[in-house]
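In what follows, a single structure is set out as structure tokens and then discussed.
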Amino acid sequence: MAISAVKGFRDGLGSAARLYSEIETSAIRVLERYGFSQIRLPILERTELFARAIGETTDIVEKEMYTFPDRDGTLLTLRPEGTASAVRAFVEHHLDQTDSVTKLYYSGPIFRHERPQKGRYRQFEQIGAELFGRDDPLADAEVLTCVRDVLDELGLATARIMINSLGDASCRPKYRERLRAWGEEHRAELCPNCVRRIEKNPLRLLDCKEEGCRKLSETAPLLRDSLCEPCASHFAQVRSLLDAMGVVYEVDPRLVRGLDYYERTSFEVTAEGLGSQAAVAGGGRYDGLVARLGGPKIAAIGFAFGLDRLALAVQAARATAEQDAALALVPAVFIASLGADTRADALALARKLRRLGVRVELDGGRSLKSLMRRADRLGAPRVLILGEDEVAVRRGTLRHMTEQRDEKQAVDFDLEGPALLEAVGVAR
RNA sequence: GUGGGUGUAGCUCAGGGGUAGAGCACCGGAUUGUGGCUCCGGGGGUCGUGGGUUCAAAGCCCACCACUCACCCCA
């Protein structure tokens, strides 16, 4: 029996793999314009870190982590998100002592043991960014502008940004209680899931998908009306800055996030073409987290893009075979080696060209017909044919595919550098 | 964790008790060293796995597994 990949873990092949790196590159380009610098983080951390950062009672910590004991018994976890690690590194390296503001980005695999479905995998990739040291609304607006710029750069103009304010330590607990009281009052009318939520996570009562609960939740108290004055003012300023920038967003008073550390501004981005897992990015402010993880009292805000979902969205947005084909690796020259006596020269020429930066596909050991067919299928514009005749005069025949024309003795085997490039018709 | 759908060639899928198929892809030939179009030929399958029913199972029955979509949750 052949061994297959673990459930929820996938291989990225061909154009899919290229799409990923293309998206990652564009996103990083935007992030660096905003002053974020890369941090390379471990994907394994002490379980304790996530339990403390994300919250003991969240779904992620309760049942979605890949946790196992190390040889000495300490519990380790494959990271189920990136912010906790970034904050841990920030604290561990005393980055607040270096500069009053720190901006970091990272990318890489994230692990959650969930049931896989479209756009949801057990290993997926995130590109995340964290901004430490600024608590002003300007920082929130700048971060959201950055998110918008990444989306636009990727051609996801139809992606929607949803924002909300979750309040802070001074107003959210009170609101939670109000919501819980409301839930108790309507316990009989709520779906079984929501009944559990009353105790566990009352904020989730707001975004149940059940028709009955949705109707009912319209009568629930809204956090918006319970925000303390500083939170309300902060949110209003963020919004007016976004308005001034022309960054389009929607306020979703029901937006609730699954990680406990968020407060004040939080947001989510949804895109089309993803099935029911429509969120391609999420983030928010987490002013209390650095201190909770043993660091100084420092405000912070961050977000993460789901690379896998971005790829689905980008694919849906461009969706034509042509654009997909544009991602294929097309060789500039295909070298066809006929017969054993031509191998060494073929390999030498291929290597010279490759060292000059030319994408070369080399093949041999079978009929010219099949080599030509393959060159054609790969889309190579020129084929350098090396057979007995060519080796005898040490000059290769150059086949121009689109013109259906052969150019005999076009490429001298001993050419180097620009002369060689010119001979095979490759512009530098 | 719960539910639905699907498992037959590398890919997309047809076949519903009686000799395993098509299209595409791949390889070869027509054209001794020249691609796309056409024609001809070829290789490739424990029909997801295990058990059962039957003279006979890819097909019917049971169990399991995998994939997938959805719930949940999230990126």
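In what follows, chains are A, B, ... by sequence order, proteins preceding strands, each numbered from 1.
Figure legend. B:A9 is base-paired to no nucleotide; pairs are counted as Watson-Crick or G-U wobble with both atom distances under 3.5 Å. Nucleotide B:A63: paired with B:U49 (Watson-Crick or G-U wobble, both distances less than 3.5 Å). Nucleotide B:G35 forms no Watson-Crick or G-U wobble pair with any nucleotide shown, as no partner meets the under 3.5 Å limit on both distances. Both distances falling under 3.5 Å, in either a Watson-Crick or a G-U wobble arrangement, occur for no nucleotide opposite B:C72. The base-pairing partner of B:G42, taking Watson-Crick or G-U wobble contacts with both distances under 3.5 Å, is B:C26. With both pairing distances under 3.5 Å, B:G18 is matched to B:C55 as a Watson-Crick or G-U wobble pair.
For the pair A:R120 and A:E114, the salt-bridge criterion is met [side-chain N within less than 4.0 Å of a carboxylate O]. Using a cut-off of 4.0 Å between Lys/Arg side-chain N and Asp/Glu carboxylate O, A:R395 and A:E390 are scored as not salt-bridged. Ion pairing between a basic and an acidic side chain is recognised when a charged N comes within 4.0 Å of a carboxylate O; A:R88 and A:E92 show such pairing. Of the charged side-chain nitrogens involved, none lies within less than 4.0 Å of a carboxylate oxygen, so that A:R254 and A:D252 do not count as a salt-bridged pair. Ion pair A:R148/A:D152 flagged as a salt bridge, since at least one NZ, NE, NH1 or NH2 atom sits closer than 4.0 Å to an Asp/Glu carboxylate oxygen. In this structure, A:R264 does not pair ionically with A:D135, as no charged nitrogen and carboxylate oxygen lie closer than 4.0 Å. With respect to the salt-bridge test (charged N to carboxylate O, under 4.0 angstrom), the residues A:R374 and A:E361 qualify.
Remark: P of B:C27 and CG of A:D363 are 9 Å apart, rounded to the nearest angstrom. One atom, CD of A:E268, and another, P of B:A75, lie 7 Å apart when rounded to the nearest Å. A:K408 has its NZ atom 14 Å from the P atom of B:G33, to the nearest Å. Rounded to an integer number of Å, the gap from A:L398 CG to B:U34 P is 17 Å. Look at CG on A:L371: it is 13 Å from P on B:C26, rounded to the nearest Å. For A:E62 and B:C72, the CD to P distance is 17 Å, given to the nearest whole Å. Atom CG in A:L274 sits roughly 12 Å away from atom P in B:C69 (whole-Å rounding). Note: CG (A:L156) to P (B:A75) measures 18 Å, nearest angstrom.
Applying the 90° cutoff around 0 to the glycosidic angle, B:G15 is assigned anti.
In the set B:U34, B:C73, B:C27, B:C73 carries the atom at the smallest distance from any side-chain atom of A:E114. Side-chain proximity of A:F124 to B:G28, B:A75, B:G33: nearest is B:A75. Distances were taken from every side-chain heavy atom of A:L338 (C-beta onward) to each of B:G28, B:C69, B:G33; the shortest belongs to B:G33.
Mapping A:S276 and A:D308 onto RNA chain B by nearest heavy atom places A:S276 at the nucleotide closer to the 5' end. In terms of position on RNA chain B, the residue among A:R120 and A:V6 whose nearest nucleotide sits closer to the 5' end is A:V6.
Residue-level contact check: A:E390 touches the bases, meaning some heavy atom is under 4.0 Å from a base atom. Among the heavy atoms of the strands lying under 4.0 Å from A:E64 are primed sugar atoms or P, OP1, OP2 only; no base atom is included. Within the 4.0 angstrom heavy-atom criterion, only backbone atoms of the sugar-phosphate kind lie near A:G282; the bases stay farther away. Using a 4.0 Å heavy-atom distance criterion, A:K63 is classed as making no nucleic acid contact. Nucleic acid contact class of A:G119 (heavy atoms, under 4.0 Å, all strands): base. When heavy atoms are screened at a 4.0 angstrom cut-off, A:F305 is found touching no nucleic acid atom at all. Looking at heavy-atom distances under 4.0 Å, A:F111 makes no contact with the nucleic acid at all. Nucleic acid contact for A:R115: base, since at least one base atom lies under 4.0 Å from a heavy atom of the residue. A:A281 comes within 4.0 angstrom of sugar-phosphate atoms only, judged by non-hydrogen atoms across all strands, and of no base. The residue A:I385 sits close to a base: some heavy atom pair falls under 4.0 Å.
Residues A:Y105 and A:E32 bring a donor and an acceptor atom of their side chains to less than 3.5 Å of each other.
Rounded to whole Å, the separation between the P atoms of B:U54 and B:G41 comes to 43 Å. Nucleotides B:C40 and B:U49 place their C1' atoms 40 Å apart, quoted to the nearest Å. B:G36 and B:G29 have their P atoms separated by 13 Å, with the value rounded to a whole Å. To the nearest whole angstrom, the two C1' atoms, one in B:C65 and one in B:C27, are 35 Å apart. Taking atom P in both B:C37 and B:C24, the straight-line distance is 11 Å, to the nearest Å. A distance of about 26 Å separates the C1' atoms of B:A66 and B:G23, rounded to the whole Å. Between B:G43 and B:G7, the distance separating the two P atoms is 27 Å to the nearest Å. Comparing B:G5 with B:A75, their P atoms are spaced 31 Å from each other, to the whole Å.
A:Q126 has no side-chain polar atom (N or O) that falls below the 4.0 Å cut-off from OP1 or OP2 of B:A75. Regarding contacts with the backbone of B:U34, every side-chain N or O of A:S367 stays at 4.0 angstrom or more from both OP1 and OP2.
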Could you pull out the protein-nucleic contacts involving nucleotides 35-41 of chain B (nitrogen or oxygen on both sides, under 3.5 Å)?
residue : atom : partner : partner atom : Å
B:G35   : O2'  : A:D376  : OD2          : 3.2
B:G35   : N7   : A:R399  : NH2          : 3.2
B:G35   : O6   : A:R399  : NH2          : 2.6
B:G35   : O6   : A:M401  : O            : 3.0
B:G35   : N1   : A:M401  : O            : 2.5
B:G35   : N2   : A:D376  : OD1          : 3.1
B:G35   : N3   : A:D376  : OD1          : 3.3
B:G36   : O4'  : A:D376  : OD2          : 3.0
B:G36   : O6   : A:Q404  : OE1          : 2.6
B:G36   : O6   : A:Q404  : NE2          : 3.4

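Atom CZ of A:R40 is surrounded by 12 or fewer heavy atoms from other residues, nucleotides or ligands within 6.0 Å.
You'll find a donor-acceptor pair under 3.5 Å spanning the side chain of A:Q117 and the base of B:C72, going by distance alone.
The cationic group of A:R292 does not satisfy the cation-pi geometry with A:Y261, failing either the under 6.0 Å distance to the six-membered ring centre or the 45° limit from the ring axis.
Tested against A:P80, the residues A:E64, A:E45, A:R112 include a single side chain to side chain contact (heavy atoms under 4.5 Å, CB included) partner, A:R112.
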